[in-house]
Protein chains: 4
Amino acid sequence: MTSAPRTALKARKRPVQSRSRVTVDAIFEATIQVLLRDGMSALTTTRVAERAGVSVGTMYQYFPNKQALVYALNERFLDTLAGRIEATCGRMKGAPLPEMVDALINTYWTAKTERAEVTRALYRSVAELDNDELMHAFAARADAATTAMFTSAENGAVEDVDALNLTLASVIYGTVRNAFERGLTQEEASVLRRNLTEMCRAYIGALYA
Amino acid sequence: MTSAPRTALKARKRPVQSRSRVTVDAIFEATIQVLLRDGMSALTTTRVAERAGVSVGTMYQYFPNKQALVYALNERFLDTLAGRIEATCGRMKGAPLPEMVDALINTYWTAKTERAEVTRALYRSVAELDNDELMHAFAARADAATTAMFTSAENGAVEDVDALNLTLASVIYGTVRNAFERGLTQEEASVLRRNLTEMCRAYIGALYA
Amino acid sequence: MTSAPRTALKARKRPVQSRSRVTVDAIFEATIQVLLRDGMSALTTTRVAERAGVSVGTMYQYFPNKQALVYALNERFLDTLAGRIEATCGRMKGAPLPEMVDALINTYWTAKTERAEVTRALYRSVAELDNDELMHAFAARADAATTAMFTSAENGAVEDVDALNLTLASVIYGTVRNAFERGLTQEEASVLRRNLTEMCRAYIGALYA
Amino acid sequence: MTSAPRTALKARKRPVQSRSRVTVDAIFEATIQVLLRDGMSALTTTRVAERAGVSVGTMYQYFPNKQALVYALNERFLDTLAGRIEATCGRMKGAPLPEMVDALINTYWTAKTERAEVTRALYRSVAELDNDELMHAFAARADAATTAMFTSAENGAVEDVDALNLTLASVIYGTVRNAFERGLTQEEASVLRRNLTEMCRAYIGALYA
DNA sequence: GATGAATGAGGGTTCATTCAT
DNA sequence: AATGAATGAACCCTCATTCAT
């Protein structure tokens, strides 16, 4: 996640002092607020600064330009998410494959659902960005973690871990995102979540039948 | 798909005459070109008109504003896509469930892959829009078609068609999109595609074991 | 009134044929409608043509440009008004001065009040124009008529007809216009009208006391 | 005068600091210049900003839109004018009625004549606006002042002050405006001014004869 | 370090006018 | 003669970014 973005998008300073940290957090939070309330097209530097309670000038001390701000915000979220996935994968090392899948779905689904609106806002904000780098960095980290986990599966080595990983990751991440975009009801969501788990388990079962 | 969008987004005139039709198509194509080359943030009315070989004024004769243009473009693509899905579903009526799933994945995957870059461009362009209406209209049409298809499955009635439909639709559409965003290699893509099919089949198999 | 305006403002053709006459009238009426409904800033050639039931092209056959249209419209109204004043002045020739004044106020006030909204709309529309020419032409015609009338006053020659004329014309026309702009109630209007007459009579009385 | 205009027309910031004050004044002056030189239809935001020596952006920091600028300009002038009328009325309290009228005509006429061209430009600029609010606010203030003055007239209470006020105000303001629109010569103007005074005095005389 | 007024390029949009049909 | 689609200059306005204080 901390892999080098285009120089233009790099944050200007690492907020080492606690005061800076507070400021940056306020800016991030303000960005999310504006995104939620008014949408991407109303995300102006002035408005963010205002809501964050700082001046535009100050904002530019921490982020070289608007894109960098949005970029950093998404980076932060993906960092957190990757961290959670890593934690889950660490915890599940050596467990049976089906349980791994359950855990992975749980982690991802929960992470996205906790602040559903924020997730949605971020999905939108990232569309303008040079997305790929961000996604790749996240994918790389997450894939490393899940691959390591799958490799450690209890009942012997998986034949083609990379293929398994690619498949499960794509299906899980993709399905969860799609669930968001469809705006499912609570009930539909829980049906889908259960069935997604079933499906993954069935696939794994079929692989080793 | 042709369900009423917010008035503000409605196209101004239906291009009935062939000359108009050509113009509108040129504008659509130009929009895609710009989206591909320069991204959403560079999609200006002037640039689109220029590339389409018409004046801005002409563009505004057909679209009341920029958003409406992007909206109409997406609408057109989703319309086509929904049409293809309906065709497939029609053709597969009464077939065995696994073959239905194969056909559905094929149709969707192919449709998205044919002009992969365009698909990617549209995914981005739609993020700024009032997405929901568009998605819902598409979902409604596609769901109706697939549900009808699943209901007609050869070997007896599916127990809960709606749940099955929700699951398969979410997984398939979601996975395909995720595949795009990850920017998979040709090979990875074909592995994923095969495995997605396997997974759906395994799920269906498990349901009726 | 028919004095030469700047060439640019001249109407393109005199509508001699009855068909043309109808068209021009429709355009004039449409212009007023739009002015009334939507105000000067919404007075577009397209809208006027639309409401008149003709094409823009046709409109341009009769008026070389938009300004000419507004100009002609005002000219027509001022022409009519001048005609009415001339009629009154003709009728009152040789009458006693106070009765002349009564008649003049009556004529002017009535003319403006009959279609009060139209009057108001025209007042506004003319502000954009090169007003002066129009006003001068009207003033010249009206002044000629009133001066002739005052000269013929029953009880002997007025000492300085031009001064009297200037005074009465300015006071009467000015007061009536001001009444419009203040948006007086029915009652206030009639009080004002009565008092204006009183005042003019008092002035005349004082002159010859 | 400072009564609430439609929100859309409100000035954005009150120029409290002296620098801002200078800027705003420059913008006002520039607006007048442009109005004088090129007329209302050439009054573009760019042109005004240019002549004022500021950027368009700066202009928009003080005025939310072009209309608001014109509105504020007229408001300022009417404010000043109302202030002058109030001053005169205050000074003339308890004086004989004819002197009051003299003073009122003097004040109004002088105010309008001092910068005659500006007055003319403003008369035109206001036609596009939602005039009424502005006029009413002015009228209310001016009427209050004159009514109070007339009430205090030396030789006993006027019978119907409101009617007197309505009459004198309408006649005076209307006549002065009409004088402008006719574009009188210096000499004609002074004749008219004298006669207007005579007329008002004659009217008052007749009232209390 | 922080501020926020000033900047001005550039965006979306309108509409008077033309001219091929 | 009539049409109305096409034109494109010009308008109003926004907002990322800078820099004097």
Side-chain angles (χ1 to χ4, degrees), chain A residues 13 17 19-20 23 41-50 53-70, chain B residues 12-13 15-17 19-20 23-24 41-50 52-69, chain C residues 13 17 19-20 23 41-50 53-70, chain D residues 12-13 15-17 19-20 23-24 41-50 52-69:
Chain A
K13 33 167 129 168
Q17 296 171 313
R19 183 142 72 101
S20 303
T23 304
S41 64
L43 189 83
T44 68
T45 51
T46 323
R47 215 184 308 252
V48 169
E50 201 170 274
V54 299
S55 70
V56 233
T58 300
M59 247 196 58
Y60 272 83
Q61 210 106 51
Y62 292 100
F63 302 97
N65 53 50
K66 198 177 101 166
Q67 274 202 60
L69 166 65
V70 178
Chain B
R12 239 166 202 174
K13 357 172 155 170
V16 275
Q17 294 174 319
R19 182 140 74 105
S20 302
T23 302
V24 168
S41 64
L43 189 84
T44 69
T45 53
T46 326
R47 221 182 311 253
V48 168
E50 206 168 84
V54 299
S55 68
V56 231
T58 299
M59 243 198 62
Y60 274 87
Q61 207 125 45
Y62 295 100
F63 303 97
N65 52 53
K66 199 179 87 166
Q67 272 202 60
L69 168 64
Chain C
K13 30 168 131 169
Q17 297 172 312
R19 183 141 71 101
S20 301
T23 303
S41 65
L43 190 82
T44 68
T45 52
T46 323
R47 216 186 308 251
V48 169
E50 201 171 273
V54 300
S55 69
V56 233
T58 299
M59 247 196 59
Y60 273 83
Q61 211 106 50
Y62 294 99
F63 302 98
N65 54 51
K66 199 179 101 167
Q67 274 202 60
L69 167 64
V70 178
Chain D
R12 241 167 200 170
K13 3 171 154 170
V16 275
Q17 293 173 321
R19 180 139 76 105
S20 302
T23 302
V24 168
S41 64
L43 189 84
T44 69
T45 51
T46 327
R47 221 181 314 253
V48 169
E50 207 167 82
V54 300
S55 69
V56 229
T58 298
M59 243 199 61
Y60 275 87
Q61 207 125 48
Y62 295 99
F63 303 96
N65 52 53
K66 199 179 87 165
Q67 273 202 60
L69 167 64

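Here is the naming used below: chain letters follow the sequence lines, and residue numbers restart at 1 for every chain. Note that the structure is a prediction, hence the values are computed from the model and not measured.
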A.B. asks: Would you kindly give the CG-to-P distance between Leu69(B) and dG11(E), to the nearest whole Å?
C.D. replies: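 Atom CG in Leu69(B) sits about 15 Å away from atom P in dG11(E).
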
A.B. asks: Roughly, in whole Å, what's the span from CG in Leu43(A) to P in dA16(F)?
C.D. replies: 8 Å

A.B. asks: Would you kindly give the CE-to-P distance between Met59(D) and dC12(F), to the nearest whole Å?
C.D. replies: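 Rounded to the whole Å, the gap is 9 Å.
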
A.B. asks: Which part of the nucleic acid, if any, lies within reach of Thr45(A) when heavy atoms closer than 4.0 Å are counted: base, sugar-phosphate only, or nothing?
C.D. replies: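 Base contact.
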
A.B. asks: Please name the nucleotide paired to dC15(F) by Watson-Crick or G-U wobble geometry with both distances under 3.5 Å, or report none.
C.D. replies: dG8(E)

A.B. asks: Please determine, for dT21(E), whether a Watson-Crick or G-U wobble partner exists with both distances under 3.5 Å, and give it or none.
C.D. replies: dA2(F)

A.B. asks: Rounding to an integer number of Å, can you tell me how far Glu50(B) CD sits from dA9(F) P?
C.D. replies: 12 Å

A.B. asks: Please report the closest heavy-atom contact between Leu43(B) and Lys66(B), naming both atoms and the distance.
C.D. replies: O-NZ, 2.9 Å

A.B. asks: Please give, in whole Å, the distance from dT14(E) C1' to Tyr60(B) OH?
C.D. replies: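 Answer to the nearest Å: 9 Å.
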
A.B. asks: Using OP1 and OP2 only, check whether a side-chain N or O of Ser55(C) sits under 4.0 Å from dT3(F).
C.D. replies: yes

A.B. asks: With nearest nucleotide decided by heavy atoms, which residue, Lys66(B) or Ala42(C), maps closer to the 5′ end of DNA chain E?
C.D. replies: Lys66(B)

A.B. asks: Nearest nucleotide by nearest heavy atom, which residue falls closer to the 5' end of DNA chain F, Gly57(D) or Gly53(C)?
C.D. replies: Gly53(C)

A.B. asks: Hey, does Arg47(D) reach any base, or is it just sugar-phosphate, or nothing, if we go heavy atoms under 4.0 Å?
C.D. replies: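 Here Arg47(D) touches the backbone only, sparing every base.
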
A.B. asks: Scan Thr58(C) against the nucleic acid and name what it touches under 4.0 Å (heavy atoms): base, sugar-phosphate only, or nothing.
C.D. replies: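 Base, at least one base atom sits under 4.0 Å.
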
A.B. asks: To the nearest 0.5 Å, what is the distance between CD on Glu50(B) and CE on Met59(B)?
C.D. replies: 12.5 Å

A.B. asks: Compare side-chain N and O positions of Tyr62(B) against OP1 and OP2 of dA5(F) and report whether any pair is under 4.0 Å apart.
C.D. replies: no

A.B. asks: Roughly how many Å is it from CD in Gln61(B) to C1' in dA16(E), rounded to a whole number?
C.D. replies: 13 Å

A.B. asks: For a 4.5 angstrom cut-off between non-hydrogen side-chain atoms, does Leu69(B) reach Tyr62(B)?
C.D. replies: no

A.B. asks: Rounding to a whole Å, what distance do you find between Asn65(D):CG and dC11(F):P?
C.D. replies: 17 Å

A.B. asks: Could you pull out the closest heavy-atom pair between Asn65(B) and Tyr60(B), with the gap in Å?
C.D. replies: CA-CE2, 3.8 Å

A.B. asks: Find the partner of dA9(F): check Watson-Crick (N1-N3 plus N6-O4 or O6-N4) and G-U wobble (N1-O2, O6-N3) distances, both under 3.5 Å, and reply none if neither fits.
C.D. replies: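 Its partner is dT14(E) (Watson-Crick or G-U wobble, both distances under 3.5 Å).
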
A.B. asks: Go through the side-chain N and O atoms of Thr58(B) and Ser55(B) and say whether any donor and acceptor fall under 3.5 Å apart.
C.D. replies: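 Judged by distance alone, the side chains do pair up.
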
